[in-house]
Number of protein chains: 2
Amino acid sequence: MKISELSRRSGVSIPTIKYYLRDGLLPQGQATAANQAEYGEEHLRRLRLIRTLVGVRRLSVSAVKEILGAITEEGDLHQIFGIVTDARPATKLKKQAKEEETAEGDTPGVADARRLITEMGWEVSPGTAAIQTLGDVLDALADVDAGIGWQSLLPYARLTDRMSELDVKQMNGASGLLELAERAVLVSVLLEPALLALRRLAQEDKSARLFSGTPE
Amino acid sequence: MKISELSRRSGVSIPTIKYYLRDGLLPQGQATAANQAEYGEEHLRRLRLIRTLVGVRRLSVSAVKEILGAITEEGDLHQIFGIVTDARPATKLKKQAKEEETAEGDTPGVADARRLITEMGWEVSPGTAAIQTLGDVLDALADVDAGIGWQSLLPYARLTDRMSELDVKQMNGASGLLELAERAVLVSVLLEPALLALRRLAQEDKSARLFSGTPE
DNA sequence: GATAACGGATCGCGCTACTATCCATTATGA
DNA sequence: TCATAATGGATAGTAGCGCGATCCGTTATC
């Protein structure tokens with residue numbers, strides 16, 4: 001398959017494919033001459049996966065690159081889950097705002113996040129990016145004085161614990177290791193917007209029953 | 001309070017504050033002269049909320065603007081929830097990819113999303129953006145042949161249903177209507193990255209127990 | 001043997017979220 | 001009182017991201 005066919009079958013323009021090739025998102029095809037290369041079905045699968053993560057999940061190209069790197073390097077599924085978990089969604093902000101940003105120790109929020117993890121009995125690697133994310137949110141909640149602390153998140157944590165059991169159940173039925181890894185990415189990453197959408201729908205349903213038509 | 005004090009107390013640079021004022025994210029201060037204006041505590045609160053949504057939740061400035069508009073316009077809490085739910089997180093993609101994008105009817109995924117909502121007994125306005133989001137994910141799952149359909153999402157939906165009950169419980173204790181609306185935004189929007197982080201931590205825990213050290 | 005497609009590289013573009021600079025005006029303090 | 005600094009308002013510039021457009025010399029195709 002040449003690049004034009006790859007473009008037609010994937011619906012991705014040739015300049016975009018070239019861009020992904022340059023950036024290392026998509027592996028180079030088998031070169032047959034100085035200016036000819038052959039692409040296979042794996043390239044098509046890859047390309048579809050990339051477009052799904054970028055288009056639907058709205059990950060940055062660099063984040064997708066990290067995830068694809070994790071898939072490609074051989075490793076057990078737990079390692080893949082770990083790297084996928086660590087993949088950062090977007091760019092960071094500048095400094096300013098607070099000194100805590102540059103401090104080398106844990107922020108109060110991160111300490112609370114670790115408390116929550118201990119309370120749940122979860123065993124996770126202590127440097128996971130998710131801990132930082134959770135800590136950032138707890139810091140922000142404290143900053144705006146929302147009255148929502150880590151204990152308030154415990155019931156949420158119990159629900160996500162059950163969710164993750166569903167997640168690992170979705171992993172059955174994949175054949176090869178590569179396919180299993182791709183499936184892990186889909187379940188872990190692509191389901192995220194779906195879960196948020198489900199929560200918002202459920203919120204709308206609940207808020208209709210409780211708050212509608214009852215202004216101050 | 002003048003702009004320099006607002007900047008110091010919020011940690012946001014003066015040019016950025018000016019930018020938010022221009023963009024209508026932050027209401028203008030009370031003008032006391034041609035080149036003097038007075039800002040109050042509400043401006044400080046607003047600014048902190050903006051920085052939280054942009055910095056922690058990583059919403060785009062335009063999305064934050066929509067949400068703040070929803071807060072400010074008087075309305076019942078259910079309306080606010082609805083508008084917050086509809087607020088789009090990022091920019092759209094170009095066309096191409098599939099013809100379904102431009103089709104005016106529902107995609108198969110959106111139809112499935114509506115089936116799921118019916119099955120859950122949820123009552124939501126039929127034009128909610130969350131339905132589209134959910135449909136997009138279902139379409140993407142079908143495209144990559146993941147074997148995950150709307151029925152697979154039912155157990156997830158039941159968990160998010162319980163989550164939303166927690167969410168509305170968090171709404172207690174706010175005094176004014178404005179404060180209630182801000183709280184709704186925090187619970188609905190700011191908790192999203194926290195929930196994803198919790199799910200990832202739980203996934204790492206579960207995958208460690210099930211998959212670690214068992215390569216092909 | 002003309003034409004089209006190929007790969008590879010470079011340049012440019014539209015968008016976002018700011019940042020920097022300039023300006024005339026107004027507060028501030030020795 | 002008068003130099004200095006800060007203010008609001010406007011305009012212009014910036015960095016990064018995700019591509020698209022174009023040129024190039026080479027190679028398949030009819």
Side-chain angles (χ1 to χ4, degrees), chain A residues 1-39 43 47 50-66 68 88-97, chain B residues 1-40 43 47 50-66 68 87-97:
Chain A
M1 185 183 346
K2 283 177 284 190
I3 199 172
S4 58
E5 190 179 347
L6 191 60
S7 171
R8 255 187 297 102
R9 290 182 59 187
S10 64
V12 180
S13 73
I14 292 180
T16 301
I17 294 177
K18 287 186 176 184
Y19 166 61
Y20 291 158
L21 286 169
R22 271 201 312 280
D23 245 44
L25 281 178
L26 201 58
Q28 301 283 348
Q30 186 72 20
T32 62
N35 66 336
Q36 299 294 111
E38 184 68 16
Y39 302 97
H43 291 89
L47 199 43
I50 293 170
R51 296 266 57 182
T52 301
L53 295 178
V54 169
V56 181
R57 178 52 235 279
R58 274 150 215 279
L59 287 183
S60 70
V61 168
S62 62
V64 172
K65 189 174 171 181
E66 276 187 64
L68 294 180
R88 287 304 193 136
T91 55
K92 296 252 189 157
L93 288 194
K94 312 297 143 50
K95 282 120 291 182
Q96 212 178 8
Chain B
M1 184 183 348
K2 284 177 283 190
I3 199 171
S4 56
E5 190 178 350
L6 191 60
S7 171
R8 255 187 298 102
R9 290 182 58 189
S10 63
V12 180
S13 74
I14 290 180
T16 300
I17 293 176
K18 288 187 176 183
Y19 166 62
Y20 291 157
L21 287 168
R22 273 200 312 277
D23 243 44
L25 281 177
L26 202 58
Q28 302 283 349
Q30 186 73 20
T32 62
N35 66 338
Q36 300 294 112
E38 184 69 15
Y39 303 95
H43 291 88
L47 199 43
I50 293 169
R51 293 264 68 181
T52 301
L53 294 178
V54 170
V56 181
R57 179 51 235 281
R58 273 146 217 275
L59 285 183
S60 71
V61 167
S62 63
V64 172
K65 189 175 174 181
E66 277 187 63
L68 294 179
R88 289 307 193 129
T91 55
K92 296 250 190 159
L93 286 194
K94 313 296 144 50
K95 283 122 291 181
Q96 214 180 9

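Chain letters run A, B, ... following the sequence lines, proteins first, then strands; residues in each count from 1. The model shown is predicted, which means the values in this text are computed figures rather than measured ones.
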Tell me which nucleotide among [options] gets nearest to the side chain of [X].
X: B/Val54; options: C/dC18, C/dT26, D/dC19; value: C/dC18
X: A/Lys2; options: C/dC6, C/dC18, D/dA6; value: C/dC6
X: B/Pro15; options: D/dT27, C/dT19, D/dG9; value: C/dT19

Practice problem: Would you kindly compare A/Gln36 and A/Arg22 by the position of their nearest DNA chain D nucleotide and give the one closer to the 5′ end? | Solution: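 Taking each residue's closest nucleotide, the earlier one in sequence belongs to A/Arg22.
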
At what distance, to the nearest 0.5 angstrom, does [atom1] of [X] lie from [atom2] of [Y]?
X: A/Leu21; Y: A/Tyr39; atom1: CG; atom2: OH; value: 4.5 Å
X: A/His43; Y: A/Glu5; atom1: NE2; atom2: CD; value: 13.0 Å
X: A/Tyr20; Y: A/Arg51; atom1: OH; atom2: CZ; value: 3.5 Å

Ignoring backbone atoms, establish whether [X] has a side-chain N or O less than 4.0 Å from OP1 or OP2 of [N].
X: A/Thr16; N: D/dG18; answer: no
X: A/Gln28; N: C/dG8; answer: yes
X: A/Ser62; N: D/dC17; answer: no
X: A/Ser13; N: D/dC19; answer: no
X: B/Tyr19; N: C/dT16; answer: no
X: B/Tyr20; N: C/dA17; answer: no

Practice problem: Look at all strands and tell whether A/Lys18 reaches a base, only sugar-phosphate, or nothing, counting heavy atoms closer than 4.0 Å. | Solution: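 The answer is base, as A/Lys18 lies within the cut-off (heavy atoms under 4.0 Å) of a base atom.
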
Calculate the interatomic distance between [X] atom [atom1] and [N] atom [atom2]; express it in whole Å.
X: A/Ile14; N: C/dA4; atom1: CD1; atom2: C1'; answer: 12 Å
X: B/Asp23; N: C/dC15; atom1: CG; atom2: P; answer: 15 Å
X: B/His43; N: D/dG8; atom1: NE2; atom2: P; answer: 11 Å
X: A/Arg58; N: D/dC17; atom1: CZ; atom2: P; answer: 18 Å

